[in-house]
Structures are given as structure tokens and as C-alpha cells.
Amino acid sequence: MKPLLLLVVCFLTMQVTQAQLKTSTQNQCGTFVVDILEGKVNGITPKYNQAQIKSALTCFTSVEPEDATSKCGGLISYKNQDVYFYTGRHYIEIRDKFKGKLSIPLMGATRNSSVLFKLLGNPKMKDTNWDQYDTYYGLVILYYNKLNKVNKIQFSTETSATINLCQ
């Protein structure tokens with residue numbers, strides 16, 4: 001009887017020790033792909049509404065509704081990707097901790113490099129810390145750190161006359 005009991009206990013112990021922790025696939029978005037020239041993140045444009053974005057990219061970390069109480073007119077954040085959709089203002093922001101893929105290598109590019117000119121042309125507007133480029137879908141704004149390297153990208157379907165950025 002003892003050998004049978006010992007065999008059952010050993011078998012159960014082996015089953016438990018063979019178990020592995022598994023991560024949930026719920027709310028996993030995979031790699032974010034930002035296409036600057038087309039103005040899209042994983043196929044999503046700045047014109048998408050909150051329901052469309054949340055349905056397509058279910059791994060959001062926070063949501064600010066589009067109503068009178070919202071600071072920025074509606075915001076869906078993907079903080080672990082460093083991507084932010086400003087839905088009421090129709091622009092998308094990519095910050096310096098972005099972990100996905102950029103269609104063109106803008107993050108970290110030097111302000112006066114020939115790469116920016118070749119990819120985007122001459123800026124339409126310039127300021128101390130940013131340059132704004134026109135695109136066929138709207139505009140791209142590149143922000144620079146103290147080393148004059150790109151550390152934030154915003155793109156929108158708005159124009160320079162109509163865009164309303166969140167401060």
C-alpha cells in the first residue's frame with residue numbers, strides 16, 4: 001500500500017512542478033508600427049474615434065473621455081508603448097520611450113541632418129524646440145531635446161492653422 005501511495009504522491013508532485021506560468025494574451029497589442037508618411041499607427045489614423053481605437057488596440061493603459069471635463073478633448077494612452085491618441089484634437093503623439101517600429105528613423109535624428117530634409121523636406125514652421133512639416137494628410141511636428149535630437153513626434157490630419165495641441 002505504501003509503494004502505491006508513494007507512486008501517486010510522486011506523480012502528483014511531478015504534475016505540479018511541470019506547471020508553468022503563462023501570460024494572458026488579453027490586452028496584448030503586439031508591436032506598434034508607426035507609419036509617419038501615411039500618418040498611421042497600426043493602420044489607425046488621427047481621425048479615428050475612441051471606440052475604433054480601443055477596439056483595434058485593446059491594450060490601452062488609460063482613457064480620458066471626450067467631454068467637457070476632459071483636459072485634452074479625449075485621450076487614449078498606451079504608456080508602455082509611449083504612444084498617445086488625442087482623439088478630440090485629431091493627433092497622435094509618439095514619445096522618446098517608444099518601443100515599436102518607425103517607418104522612417106525620426107526618433108533620435110539630429111535636427112539639421114540631411115535625413116530629415118530627404119524624408120520630409122523643409123519645415124513649414126520652426127521654433128526653438130520644434131519643426132513642423134506639411135504632409136499630404138496633414139502635418140508632422142518634431143520636437144528636439146537639448147542635444148537637438150528628435151525626442152517627440154506628433155502627427156495630425158489637421159493643418160497648422162487648425163491644430164489644437166494639448167499643453
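Just so you know, these numbers use all the heavy atoms, side chains as well, and skip hydrogens, waters and symmetry mates. Just so you know, these numbers come straight off a predicted model, no measurement behind them.
Tyr144 pairs by the ring pair (Phe, Tyr, Trp, His ring centres under 6.0 Å) definition with nothing, not counting sequence neighbours. Applying the side-chain hydrogen bond (donor to acceptor under 3.5 Å, both in side chains) rule to Thr135 yields no partners; only residues at least two apart in sequence or on another chain are considered.
Atoms NZ and OG, on Lys124 and Ser160 in that order, are 4.0 Å from each other to the nearest 0.5 Å. Here the NZ atom belonging to Lys101 is positioned 13.0 Å from the CG atom belonging to Asp35, to the nearest 0.5 angstrom. Between Lys99 atom NZ and Ile94 atom CD1 the span is 13.5 Å, to the nearest 0.5 Å. One distance of note links CD1 of Ile36 with CD1 of Ile153; it measures 4.5 Å at 0.5 Å rounding. With values rounded to the nearest 0.5 angstrom, Thr69 atom OG1 is found 7.5 Å from Glu64 atom CD. In this structure, the separation between CG on Asp134 and CG on Asn122 is 11.5 Å, given to the nearest 0.5 Å.
Hydrophobic cluster membership differs between Phe117 and Leu37, with clusters built from Ile, Leu, Val, Met, Phe, Trp and Tyr side chains linked at under 4.5 angstrom. Taken together through direct or relayed side-chain contacts under 4.5 Å among Ile, Leu, Val, Met, Phe, Trp and Tyr, Ile104 and Val33 form parts of separate hydrophobic clusters. Residues Val150 and Leu147 are members of separate hydrophobic clusters, defined by side-chain heavy-atom contacts under 4.5 angstrom among Ile, Leu, Val, Met, Phe, Trp and Tyr. Hydrophobic clustering (side-chain heavy atoms under 4.5 Å, transitive across Ile, Leu, Val, Met, Phe, Trp, Tyr) groups Val115 together with Phe155.
Closest of all the heavy-atom pairs between Phe98 and Asp82 is N-CB, 3.7 Å. Taking both residues in full, the closest heavy atoms of Ser70 and Pro65 are given as CB-O, 3.0 Å, listed atom of the first, atom of the second, then distance. Counting all heavy atoms, side chain and backbone alike, Glu66 lies closest to Thr87 at OE2-OG1, 2.7 Å. For the residue pair Gln50 and Val63, the shortest heavy atom distance occurs at OE1-CG1, 3.9 Å. Scanning both residues, Leu119 and Leu106, for their nearest heavy atoms gives CD1-CD2, 4.3 Å. Heavy atoms only, all atoms of each residue included: Arg89 and Glu158 are closest at O-CG, 4.0 Å.
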Begin with the C-alpha distance, continue with both residues' side-chain angles, and end with the deciding distance and a verdict on side chain to side chain contact (heavy atoms under 4.5 Å, CB included) for Gln52 and Ile44. CA-CA 9 Å; Gln52 291 170 310; Ile44 298 169; over 6 Å; no

Checking Asn129 against Asp127 for the side chain to side chain contact (heavy atoms under 4.5 Å, CB included) test, could you report, in this order, the C-alpha distance in whole Å, the side-chain angles of both residues, the deciding distance, and whether it holds? CA-CA 6 Å; Asn129 298 320; Asp127 195 51; 5.5 Å; no

Take Cys59 and Phe32 through the test side chain to side chain contact (heavy atoms under 4.5 Å, CB included) and record every step on the way to the result. CA-CA 11 Å; Cys59 62; Phe32 276 42; 4.2 Å; yes

Determine, stepwise, if the pair Cys29 / Gln81 fulfils side chain to side chain contact (heavy atoms under 4.5 Å, CB included). CA-CA 10 Å; Cys29 290; Gln81 296 286 336; 5.9 Å; no

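Two residues are said to be in side-chain contact when any heavy atoms from C-beta on lie closer than 4.5 Å; Leu57 and Tyr78 meet this criterion. Contact annotation: the side chain of Asp96 never approaches that of Asn145 to less than 4.5 Å [non-hydrogen atoms, C-beta and beyond].
Side-chain heavy-atom separations under 4.5 angstrom define the hydrophobic clusters, and the remaining members of the one that includes Trp130 are Leu75, Tyr84, Tyr86, Tyr91, Met125, Leu139, Ile141, Tyr143, Ile163, Leu165.
Listed for the Thr61 side chain is a donor-acceptor partner under 3.5 Å among the backbone atoms of Ser77. In this structure, Lys152 contributes its side chain and Glu93 its backbone to no donor-acceptor pair below 3.5 Å.
Annotation for Lys149: atom NZ does not count as buried by contact number, only 12 or fewer foreign heavy atoms lying within 6.0 Å.
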